[in-house]
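Some notes on the structure that comes next.
So you know, we letter chains A, B, ... as the sequences are listed, proteins then strands, and number each from 1. For the numbers below, each heavy atom of this structure counts, side chains included, while hydrogens, waters and symmetry mates do not. Everything numeric here is computed off the predicted structure, so don't read it as measured data.
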Amino acid sequence: MSRDVFSEYIVSLKNVSVYYNSHTALDDITLSFRRGEFTVILGPNGSGKTTLLKALCGLCKFQKGSVKALGQSPSSYNFLLRRKIAHVAQVEFIDPKLPITVRESVATGRAGVLGLGRRLSKADWELVDNTLEWIGISHLANKPLGQISGGERQKTSIARALVQQAPILLLDEPTASIDPNAQRDILDLIEHKINIHQFTTLYVTHELAMIPNRCDRIVMLRNGKVWADGKPEELLVEEKLTELYGGNGFCCSGKFSAHHIHH
Amino acid sequence: MHEILGIPEYLWRPILAGFFSGIACSIVGVFIVTMHLSFLGICIAHSAFTGALFGLWIGWNPLAGAILFSLIASAIVGPLADRGELSPDTSTGIVFSTMLGLAFLFLGLIPGSKASALSLFWGNILTVTPLDIYILAGIALSLLLLFTIFFKEIHAVLCHRQVAMYVGIPTALIFYLLLIATGLTIAVSLQTVGGLLIYSLLLNPSASAHQLTYRFKTMLVLSVIFGITSCWGGIALSYKYNLPTGATIILISSLIFILSAIFSPKRQVKGTTNA
Ligand SMILES: Nc1ncnc2c1ncn2[C@@H]1O[C@H](COP(=O)(O)OP(=O)(O)O)[C@@H](O)[C@H]1O
Ligand SMILES: [Mg+2]
């Protein structure tokens with residue numbers, strides 16, 4: 001691969017393997033993502049989706065291979081790179097007694113970007129408040145972060161990632177704990193922002209119903225390996241999906257909207 | 001008797017020492033309480049105490065020994081806590097008991113009268129030197145400055161470790177900065193409240209503040225107020241009734257904690273599980 005071709009990729013993994021003790025979570029992954037590309041990463045539970053995102057921002061050690069994001073190598077010490085990668089992680093536990101509010105938690109998204117010792121400006125707080133409003137949780141702004149529901153916390157994480165305004169956006173099942181009837185709305189909101197800002201997006205889900213309307217590319221993971229990589233119209237077909245999720249009569253037709261297939 | 005503002009001159013040193021000690025300990029306490037690092041506090045406090053005895057034994061200033069040992073303890077226990085691997089039992093228990101063993105060893109080795117060594121157990125705020133006060137003031141002001149400048153980073157790291165990491169805050173830097181500040185504060189406050197009691201002055205004000213508010217800034221301010229109140233109230237009580245100062249300081253801080261726990265809005269909130 002020539003240097004010129006390589007440079008259009010903003011994120012790339014080369015022969016990356018991650019082992020947890022004897023367990024192989026990622027097995028020789030080679031993938032590159034173009035600037036502005038919206039990739040959906042599909043795969044059953046335990047296929048390595050979360051591990052893949054963590055390896056990209058340096059929060060998971062990989063024993064083999066190399067990773068480049070925006071020309072840098074991610075590592076747990078490379079906090080400057082993480083300012084340019086917004087990450088909506090899977091819902092974590094938060095002590096309900098902790099002295100931090102929802103609004104402050106969203107503002108943390110600005111804290112990294114601004115740099116050490118710099119205070120949030122009025123414009124930063126406006127962005128925080130607008131995003132809260134926009135994602136529909138401004139009524140929770142002053143509640144302790146540990147005392148809101150899982151779905152509300154997930155919306156908080158999404159808001160935090162959006163105020164970070166980073167060129168790369170990693171979404172790890174961002175709507176998994178949100179009410180089914182609100183999931184689509186939230187997903188549409190995120191997509192809207194992605195389209196405006198042209199974030200390079202890696203969107204992880206195990207749910208076929210939660211494939212966004214815009215989707216440039218699908219990567220399917222299985223047992224820590226790239227099982228398929230291609231256009232949605234090629235991969236979002238029943239036989240592929242049934243095979244990916246292990247067959248046995250698993251039915252998925254009609255679960256995602258038809259326009260993925262007729263692009 | 002010479003008086004300034006109606007207070008006998010010889011009481012001014014303890015009042016200033018209590019003021020700065022109260023500020024420093026209660027700020028560091030917020031770090032320890034919010035991050036659930038009490039075991040780390042115990043460990044460092046005992047190491048500082050051991051270090052002071054070590055200093056007395058080899059003829060250093062006990063403060064130098066206390067600083068050295070508390071930094072060594074931070075260097076050992078810090079990385080364990082940092083990786084979240086530390087359960088209060090094993091690793092800390094080993095460091096803790098080793099330090100205690102060394103403390104008794106040094107105590108035995110100190111030649112001659114053990115009076116100055118024993119005063120490290122209780123501390124003696126009434127005999128602090130002007131140098132002690134300068135050092136305490138330096139630490140207290142540095143901590144205030146640190147928490148003012150890096151407020152948003154410290155808030156994020158204390159309440160939101162994982163997220164602070166995700167958004168690109170240098171969490172390790174902030175954590176170790178606070179850990180070093182903790183070691184120094186404990187070492188320096190040893191003279192005031194003593195090795196056995198420092199731990200309560202560290203925890204009680206911030207734990208009380210933690211009971212009363214969900215705002216981090218309010219928690220810091222309350223903690224500082226409680227810390228100073230404990231020190232000053234303790235000095236006043238000990239002066240009036242001729243009681244040991246370290247003890248009265250700690251008892252007042254415990255009383256504040258009990259009252260905070262009774263009136264806490266968080267009493268009904270379960271702190272352990274929430275899915
Ligand atoms: N910290 C860990 N320690 C040990 N095994 C882990 C750890 N994290 C993940 N794994 C294992 O690695 C595999 C991939 O995990 P993960 O990336 O979280 O999968 P996914 O997000 O696709 O459900 C799983 O089998 C999981 O059990
Ligand atoms: Mg996952």
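- Both the backbone and the side chain of A/Ser105 come within contact range of chain B, each with at least one heavy atom under 4.5 Å from a heavy atom of that chain.
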Does the pair A/Asp129 and A/Arg103 meet the rule for a salt bridge (charged side-chain N to carboxylate O under 4.0 Å, His left out), with working shown? CA-CA 8 Å; A/Asp129 290 332; A/Arg103 184 169 182 260; 2.7 Å; yes
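- The most heavy-atom pairs under 4.5 Å with chain B, out of A/Ala161, A/Pro144, A/Gly109, A/Ala166, come from A/Pro144.
- Between B/Phe151 and B/His155, the ring planes lie tilted relative to each other; the angle falls in the 30° to 60° range.
- Contact of A/Leu145 with chain B is made through the side chain alone, with heavy-atom distances under 4.5 Å.
- Comparing B/Gln211, B/Arg215, B/Gln162, B/Met219 by how many heavy-atom pairs each has under 4.5 Å with chain A, the most go to B/Arg215.
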Residues 166-178 of chain B, side-chain donor-acceptor partners within the protein, below 3.5 Å, at least two apart:
unit_1   : atom_1 : unit_2  : atom_2 : d
B/Tyr176 : OH     : B/Asp82 : OD2    : 3.3

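- Interface residue A/Ile85: only backbone heavy atoms are found under 4.5 Å from chain B.
- The backbone N or O of A/Pro44 sits less than 3.5 Å from a side-chain atom of A/Lys49, completing a donor-acceptor pair.
- Heavy-atom pairs under 4.5 Å with chain A peak, among B/Val163, B/Thr213, B/Thr34, B/Ile149, at B/Val163.
- Within the 4.5 angstrom heavy-atom criterion, no atom of A/Lys84 approaches chain B.
- Contacts of B/Thr148 with chain A are made by both backbone and side-chain atoms, with heavy-atom separations under 4.5 Å.
- For an aromatic pair to be called close, the ring centres must be under 6.0 Å apart, and B/Phe96 with B/Phe39 fails this.
- Contacts of A/Leu98 with chain B are made by both backbone and side-chain atoms, with heavy-atom separations under 4.5 Å.
- Only one option out of A/Asp172, A/Ile178, A/Leu171 pairs with A/Pro174 in a side chain to side chain contact (heavy atoms under 4.5 Å, CB included); it is A/Leu171.
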